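Being a predicted model, the structure only gives us computed values, none of them experimental. We name chains A, B, ... by the order of the sequence lines, and we start the count at 1 in each one. Only heavy atoms go into these numbers, but all of them, side chains included; no hydrogens, no water, no symmetry mates.
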Amino acid sequence: RKEVEQDPGPFNVPEGATVAFNCTYSNSASQSFFWYRQDCRKEPKLLMSVYSSGNEDGRFTAQLNRASQYISLLIRDSKLSDSATYLCVVNDNPNTGFQKLVFGTGTRLLVSP
Amino acid sequence: EPEVTQTPSHQVTQMGQEVILRCVPISNHLYFYWYRQILGQKVEFLVSFYNNEISEKSEIFDDQFSVERPDGSNFTLKIRSTKLEDSAMYFCASVRVVYGYTFGSGTRLTVV
């Protein structure tokens, strides 16, 4: 089973649409969870951390279900500039100190006018 | 905003040659990492470095790879004898304490 699994997409949506991405992870000891955004041939950039209580940052909402080992990202009112690959990322190191990030393969989002 | 700087942005090398990829982490960060991403694939952990030694390395990070922080600022990844399958984007990252990875913009390594 893959460590972090995502639907690769692409998701093609019109501007203004709401789109949701899902992710599952295999290591139940994982401690922290993130969504990163990656533009073509660029570095991953942190979009948001994901907390058990769910969290929101503007148009972006992230949810975590530890029991199901499931993470989601909801983007409301999609903009053209949201077109990118969204990476589900898990810190696989249960110890404090250094993190070892495990990345999903990413879900590609294309927002069209 | 502080940045992690990587050089060169693109390196082409012949199979069997040694390459050194350079990174300047953010100055007050304590943990340093290398990740790689083969074209079309996921980002993969290579190695973490703390207190001047390797904390953990993946099975990708075999004897052909080494890291060092020779002068307290630069953080380098050396590949001793490159193979075609080493062609990838290599990302350096640094973290101050626990959270908050900052990735560099990457070095694209092409082995021919």
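- The part of A:K42 that comes within reach of chain B is its backbone (N, CA, C, O), which places non-hydrogen atoms under 4.5 angstrom from that chain.
- Within residues 13-26 of chain B, no residue has any heavy atom closer than 4.5 Å to a heavy atom of chain A.
- In this structure, chain B has no heavy atom under 4.5 Å from any part of A:L46.
- Atom CG of B:D63 has 12 or fewer heavy atoms from other residues, nucleotides or ligands within 6.0 Å.
- Of the atoms belonging to B:F49, not a single heavy atom falls under 4.5 Å from chain A.
- In this structure, chain A has a heavy atom under 4.5 Å from the side chain of B:F91, while its backbone stays farther away.
- Between A:E43 atom CD and B:Y101 atom OH the span is 14.5 Å, to the nearest 0.5 Å.
- The side-chain contact (heavy atoms from CB on, under 4.5 Å) test applied to A:S83 returns A:V111, not counting sequence neighbours.
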- Hey, mind stepping through B:V67 and B:F32 against side-chain contact (heavy atoms from CB on, under 4.5 Å) and telling me if it holds? CA-CA 10 Å; B:V67 288; B:F32 312 105; over 6 Å; no

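- Of the N and O atoms on the side chains of B:Q37 and A:Q38, at least one donor lies less than 3.5 Å from an acceptor on the other residue.
- Partners of A:R59 according to the side chain to side chain donor-acceptor pair (under 3.5 Å) rule, which considers only residues two or more places apart in sequence or in another chain, are A:D82.
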Going by atom type alone, with no hydrogens or angles, which donor-acceptor pairs under 3.5 Å involve a side-chain atom of residues 105-112 of chain B and a protein atom two or more places apart or on another chain?
unit_1: B:T107; atom_1: OG1; unit_2: B:P8; atom_2: O; d: 2.5
unit_1: B:T110; atom_1: OG1; unit_2: B:H10; atom_2: NE2; d: 3.1

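- Taking chain B as the reference chain and counting heavy-atom pairs below 4.5 Å, the highest number among A:P44, A:G104, A:G106 is found for A:P44.
- A donor-acceptor contact closer than 3.5 angstrom is absent between the side chains of B:N74 and B:T76.
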